[in-house]
Amino acid sequence: LHRGQTLDRVSAWLENIYGYLSAPDGGGIRHGTALSGYEELTAGEARLYCDLSRSYITYLLHEHARLQPDSL
């Protein structure tokens, strides 16, 4: 459903950000952090990831609500 459209792309982008931030060999920001060679995020990078994630999640929630059948 919605393959190749905005809903599909936003879902993929959110998965990619999550994977990047969680993987020890990726960003490793959260639970996947590798303690050796760990580099701290700058305030700007942290804001970017937070803002991107929030906007994608907000979009997905609005789409979910929009696609729900009207309840009477």
Contacts of type side chain to side chain contact (heavy atoms under 4.5 Å, CB included), residue L52, not counting sequence neighbours = I17, L48, Y56
From E63 atom CD to Q68 atom CD, the distance as rounded to the nearest 0.5 Å = 11.0 Å
Please identify each residue that fulfils side chain to side chain contact (heavy atoms under 4.5 Å, CB included) with S55, with sequence neighbours left out.
-> none
Starting at OH of Y59, measure out to OG1 of T6 and round the result to the nearest 0.5 Å.
-> 4.5 Å
Rounded distance [0.5 Å steps], CG in N16 versus CZ in R9 | 7.5 Å
Sequence-distant partners of E45, side chain to side chain contact (heavy atoms under 4.5 Å, CB included), two or more places apart = L41, T42, Y49
Mind checking the NE2-CG spacing from H62 to L7? Nearest 0.5 Å is all I need.
-> 13.5 Å
